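Below is one structure, written out as C-alpha cells, with a few remarks after it.
Nothing here was measured: the structure is a model prediction, and the numbers come from that model. Just so you know, ligand 1 is whichever comes first in the structure, and atom 1 is the first atom listed for that ligand. Hydrogens, waters and symmetry mates play no part in the numbers below; they use all other heavy atoms, side chains included.
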Amino acid sequence: MEGNVSQSGFNPSATESWKTLKNAAAKMSAFGIADAMTDERVSRYQAQCAGIYLDFSKNRIDDAALAGLFGLLNDSPFASLRAAMFDGEAINNTEQRAVLHTALRASNAELGARGLAAEAQQIAEQKQHIKTLSEKIRAGQWLGATGKPITDIVNMGIGGSDLGPKLASEALKEFAQPGLRCHFVANVDGELIRSTLTDLNPETTVVIVASKTFTTQETLLNANTAAAWFTERLGLAQPFSSPHFIGVTAAPDTAIELGFLPEQLLQFWDWVGGRYSMWSSIGLSIAISIGFERFEAMLDGAREMDQHFLTAPLEQNMPVILALLGIWYRNFLGAPSLAVIPYCERLEQFPFYLQQLDMESNGKGVNREGAKLDYQTGPVVWGLTGTNGQHSFFQLLHQGDHVVPVDFIGLIRDSLSLPEHHKVLQANMLAQSAALMSGKKASSAEPYRNYPGNRPSNTLLLDELTPKSFGALVALYEHKVFVQGAVWNINSFDQWGVELGKGIAKDLLSGDANLDASSRSLIGKMGW
Ligand SMILES: O=P(O)(O)OC[C@H]1O[C@](O)(CO)[C@@H](O)[C@@H]1O
C-alpha cells in the first residue's frame, strides 16, 4: 500500500475479495459445522500463543471462505497500518496521534530499533515511578497525613481509566496483599462514593485520580467529593496536595492547577488511548494490587502476543484469525453481535472491558477519509461468565432466531478452584459449545424440544490464569480489534461518538440546553 497509510482510500466492499466472500456466504446455508467436523479440521483450525490455545473449528466456515477472508485482508492496508502503529506513526488521523500502547510493553532494544528511544526513556521513567510508589504502599512505607500506613486504595476513573485496572485486579486477585484493599469508583452515582467511603478510614486511604484528560466530569466530581471527605474527617485544608491523593494523567498541568503535587503525579501520553491504557501509569492500581513484578509479567504476556501478531504467519495468527471470523459473521452472515463467555468467575469483568475496547474502537460509521460506509462495522459485544449465562440468556443462543457467535474462554488448570468444581465448570463450557454446534432434532410432536444447532463458537483455553496469560489475552483482543478496523478502513482510535451527549449534559446542568419537548418534560419531572 503506497502513500499515507492512515488515509489509504481503501473500500473493502469494492474489492473482488468482497464479492468472492458474498458468493461464499450465499453457499453457506448448506454448510453444517457438525458435518464438516473431523480430526483433520480440528488440527488445522487452531492456533496458539503465550499459553493460549484457540480452537476455531466450530465455525460456519470452510477453506474457501477462509481463503476469501485472507484475500480481503491482503487487499486492505492492514500490513502497512500494523507496521505504522508499532513504529509510532500518527495512525489516529482525526486527532493526529500515534497509537503506541504496544511500546509500553516492548523492550528498549525494540523501541530503539523503531526510532522510539525518546518514548522508551519516558516509559522507563514512569515505570520506575509505578514501581517505587506501588512498593512503598505495599510495604507500608507510604504514610497518610497522620503517619499511618495505607490499607485502602480507591481508583477513581471511568472508561479506560477504570475498566482495565478493575479487570486486572479482579482477574489476578490471588496476588492481592493481605491488609491492602483496592476499590474502584467510576460512576458519578453518589451512592457509590458515599458507600465506598463510609467503610473506609481516611487516615489509611489513598485515592488515585486516574484520568487521561483530567477534565472528565464524573471523575472530577468524585475526586472533589473525596477531597471534601478528607477535609471534614482529617481537617486537611488542601487534600489534593496531601499523601492521600495521587494523580495519573496525560495532562499534568491541569492536575497541578487543581492542587496535585508534581511528585505525586504519574504520567502517560496522548499516544496511549484511554481504552489501551492499562499498560501505562493507569495500571498503578494493578501494580499496587498484584505487585510490580507481576504487573511486569502481565506486560511480558502482552509483549509475547505483540510479537506473535507481528511475526506469525497470517494463517496461524490468533488476532488475525479472530478478526477475520468476526468480519465473516458481521459482514457476510448477518450476525450483529458477539457474546464472550469466560468460564472463570475472576474474568467476570472481561465482557465489560471488551465492550469499551471493541465498541468504542470500531463502532464507527465513516471511514478514515470521512466517507459514509456502505458496510457494517463493530458488533455489539456482550457476555457474562459461564455457567451463570447458561441460566440466563443461553436459551436464546440455543433456540432463538439470532445467529450469535460466541467466544468461550476456559482454563485448563485453576489452582484456586476446587478440582471437582473446576471440572464441572469446564465440562459445562465444552458441553455448551458442542450443543450449540450439534443441536438435536425433536419429534414433530415436541417442536419446542428442537435444537437447530449449527451455531458457531470459538474456544480459547488458557493453560492457567497468570499475569502473563492474562496480559496475552487482553493484547489478543486489542489486536483483533485493530485488524478489523484496518479491514473496515475506519479509525479505531478516536471516540467522537461520546462527545455530543457529554456536551448536552454540561449545557443541561448550566441551564443552557435547548432541548426537545420530551426532554423538557422529563426535566420538569425532575423538578429542576
Ligand atoms: O481518562 P479520561 O480522560 O478521564 O477519560 C475516560 C474515558 O472517557 C472516554 O473519553 C469516553 O467518554 C474514554 O475514551 C475514556 O477512557
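At least one test fails for Arg97 against the ring of Trp271: distance under 6.0 Å to the centre or angle within 45° of the axis. Within the cation-pi definition used here (under 6.0 Å to the ring centroid, within 45° of the axis), Arg114 does not qualify as a partner of Phe86.
Among the atoms of Thr219, none of the N or O lies under 3.5 angstrom from an N or O of ligand 1. Between Gly160 and ligand 1, a contact under 3.5 Å exists for at least one N or O pair. At least one N or O atom of Thr216, backbone or side chain, sits closer than 3.5 Å to an N or O atom of ligand 1.
Judged by distance alone, the side chain of Thr385 and the main-chain N or O of Glu348 form no donor-acceptor pair under 3.5 Å. No side-chain donor-acceptor contact under 3.5 Å links Gln96 to the backbone of Ala90. Side-chain atoms of Ser280 come within 3.5 Å of backbone atoms of Ser277 as a donor-acceptor pair (strictly under, hydrogens ignored). Without hydrogens or angle criteria, Ser521 side chain to Ala517 main chain gives no donor-acceptor distance under 3.5 Å.
For the residue pair Arg138 and Gln177, a side-chain donor N or O sits within less than 3.5 Å of a side-chain acceptor on the partner.
Residue Val498 approaches ligand 1 through these ligand atoms, each under 4.0 Å from one of its heavy atoms: 11 (C), 12 (O). Set against the non-hydrogen atoms of Gln495, the atoms of ligand 1 under 4.0 Å away are 14 (O). Residue Lys502 approaches ligand 1 through these ligand atoms, each under 4.0 Å from one of its heavy atoms: 10 (O), 12 (O).
Remark: minimum distance from atom 3 (O) of ligand 1 to any protein heavy atom is reached at Thr213 OG1, 2.6 Å. Ile158 O, 3.6 Å is the protein heavy atom nearest to atom 7 (C) of ligand 1. For atom 14 (O) of ligand 1, the closest non-hydrogen atom on the protein side is Glu360 OE1, 2.8 Å.
The nearest non-hydrogen atom to atom 1 (O) of ligand 1, considering only Ser277, Ser161, Gly159, Gly274, comes from Ser161.
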